[in-house]
Amino acid sequence: MNRKIHVRTQSHQYSAHVGQNILSDALEATLPSQSIDELFVLIDDNVFEHHWPEIDMALQAHTNQLLRMKVPEGEKSKSVEFWSEVMDFLLNNKVRRNTPLIVIGGGVTGDLGGFAAATALRGLPLIHIPTTLLAMVDSSIGGKTGVNHDAGKNLIGSFYQPETVIADTRFLDTLPEREWINGLSEILKYAAISDQNIFRQAEIFLKKDFKSADPVVLIELITTCIKIKADIVEQDEFEGGIRAYLNFGHTFAHALEKASRYNTISHGEAVFLGMLAAKNLSELTGSNFAEDYLDKFRSLYTYRVSKENLSLDELTQHMHSDKKRTGKDLNFVLLKEWQHPVVKTVKDIQLIHQAWSAALNEL
Ligand code: ADP
Ligand code: ZN
C-alpha cells in the first residue's frame with residue numbers, strides 16, 4: 001500500500017509519500033530521471049547503523065557521487081556549532097543551488113537538516129526521509145526548521161518547505177519503544193483536535209508490541225495525521241491562527257520538559273501529560289466530556305520523573321516564558337468538545353494549578 005498526499009503552501013507544493021518499502025519508488029518519482037552529479041545526505045547515526053546498505057543502494061541509482069555526513073543522536077546536534085559543521089560539509093564540497101539535500105532521521109536530524117537546506121546558498125532542494133514515528137506524523141511536515149540556543153529550544157530557525165517527504169514504515173522496525181510512544185502522543189493529539197477515528201485506529205498500539213502493529217492501519221494512521229497537519233499548515237503556514245491548534249497539550253508539555261531539564265521526560269511523555277492537563281483545564285473552564293478517550297492509552301506511558309521534584313509555581317513560571325506567548329496572559333489550546341479546539345486566555349492561576357493535578361497525579 002502506498003499513499004500520496006499533496007501539500008500546498010503559499011510558497012510551494014509538494015508530495016508526501018507513505019508506505020512500506022517505498023523508498024526506491026518514491027525517489028524515482030522525485031529525482032530527475034537522468035543521473036545527478038552529486039547528492040548530499042545527512043543521516044542520523046543510528047539509522048545509518050541499521051539501514052545504510054539499503055538506503056545507499058536506493059540513492060546510488062540516482063547519482064554518480066554520494067556525499068554523506070552522519071548526525072550524532074541527541075539535541076547536541078541541533079546546535080549552531082553542528083549547523084556550522086554541516087555548512088562546512090556542504091560548502092567545502094562545493095554544493096550547488098540545485099543539488100538536493102537528503103535528510104534522513106528523526107526530528108533532530110530533520111530540524112537541523114531542514115535549517116541547513118534553508119540557509120546554504122539561500123536554499124537547497126530538501127528531501128525529508130523521516131525515520132521516527134514522530135517525524136513521520138509531525139516534524140517532517142509543515143516546514144519548521146531550526147536549531148537550539150542556550151536561551152531555549154528552536155529559537156534559531158526558519159520556515160522552509162521540502163520538495164518531498166518520504167515516510168517509509170520499514171525504518172520503524174528498528175525504532176526503540178520509547179520513540180514509538182513519542183509519536184503516539186502526537187497521533188493522539190490529532191485525534192483530540194481533529195479526527196475521532198484516530199482514537200480507534202491508535203488501539204493497534206495497545207498491544208504494546210509496536211513493531212508488529214498492523215502495517216495497513218499504521219500507514220492509514222500516518223497518512224491521516226499528515227493530511228490533518230498539511231490541511232492546517234495550508235491554511236496558516238506561519239502560525240498566525242489555527243496552526244496553534246497543533247499545540248494542544250504543548251504549553252503544559254514545554255513547561256514539564258523545561259522543569260525536567262529536557263533529560264528525564266521525553267517530548268511525547270510530556271505531550272501526553274500536557275493533553276491530560278489541557279483536557280482538565282477545558283473542563284474547569286466549562287466543557288463537558290461524556291467520554292475520556294485518552295484514558296485507555298495511559299497504561300502505555302511510564303515516567304522517570306516524580307511529582308515531588310516538580311513545583312507548581314516553577315511549572316507555571318515556565319509557561320509564562322514559553323516562546324509562543326505574545327501577550328502577558330496565558331493562552332491555551334483547549335477543547336470545547338472532542339475535535340473542537342479553541343484558543344482561550346486563562347487568567348485565573350488557581351485554575352491552571354488545578355489543571356496541572358491531572359498530569360502530576362500520573363507521576
Ligand atoms: P524525534 O523524531 O522524536 O525528534 P530524534 O531525532 O531525537 O527523535 O530520534 C530519536 C532517537 O531515535 C535517536 O536516538 C535516533 O538516533 C533514533 N532513531 C531515529 N530513527 C530510528 C530508526 N528508524 N531506528 C532506530 N533508531 C532510530
Ligand atoms: Zn510535539
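We count ligands from 1, going down the list as the structure has it; atoms in each ligand are counted the same way. Computed from heavy atoms alone, side chains included, the values below leave out hydrogens, waters and symmetry copies. One-based numbering along the sequence shown.
Residue-level proximity to ligand 1 for Pro176 is carried by the side chain, the only part with a heavy atom below 4.0 angstrom. Looking at Val108 against ligand 1, both its backbone and its side chain come within 4.0 Å, counting heavy atoms. Both the backbone and the side chain of Thr131 come within 4.0 Å of ligand 1, judged by heavy-atom distances. Under 4.0 Å from ligand 1, the heavy atoms of Asp44 that appear belong solely to its side chain.
Residue, atom and distance of the protein heavy atom nearest to atom 27 (C) of ligand 1 are Leu175 CD1, 3.9 Å. Scanning the protein heavy atoms around atom 23 (N) of ligand 1, the nearest turns out to be Phe171 O, 2.9 Å. Remark: minimum distance from atom 22 (C) of ligand 1 to any protein heavy atom is reached at Thr174 OG1, 3.6 Å. Nearest non-hydrogen protein atom to atom 3 (O) of ligand 1 is Glu179 OE1, 3.5 Å.
Among Thr223, Val165, Asp231, the single residue meeting the side-chain contact (heavy atoms from CB on, under 4.5 Å) criterion with Ile5 is Thr223.
Heavy atoms only, all atoms of each residue included: Ala58 and Ser24 are closest at CB-OG, 3.7 Å.
Among the heteroatoms counted here (N, O or S) of His267, NE2 is the one nearest to the Zn ion (ligand 2). Take the N/O/S atoms of Glu186: the one nearest the Zn ion (ligand 2) is OE2.
In terms of modelled atom types and a separation under 3.5 Å, the side chain of His128 and the main chain of Pro130 share no donor-acceptor contact.
Note: Tyr301 and Phe272 have parallel aromatic rings, judged against thresholds of 30 and 60 degrees for the angle between ring planes.
Taking the six-membered ring for Trp and the full ring otherwise, the centers of Phe89 and Phe40 sit less than 6.0 Å from each other.
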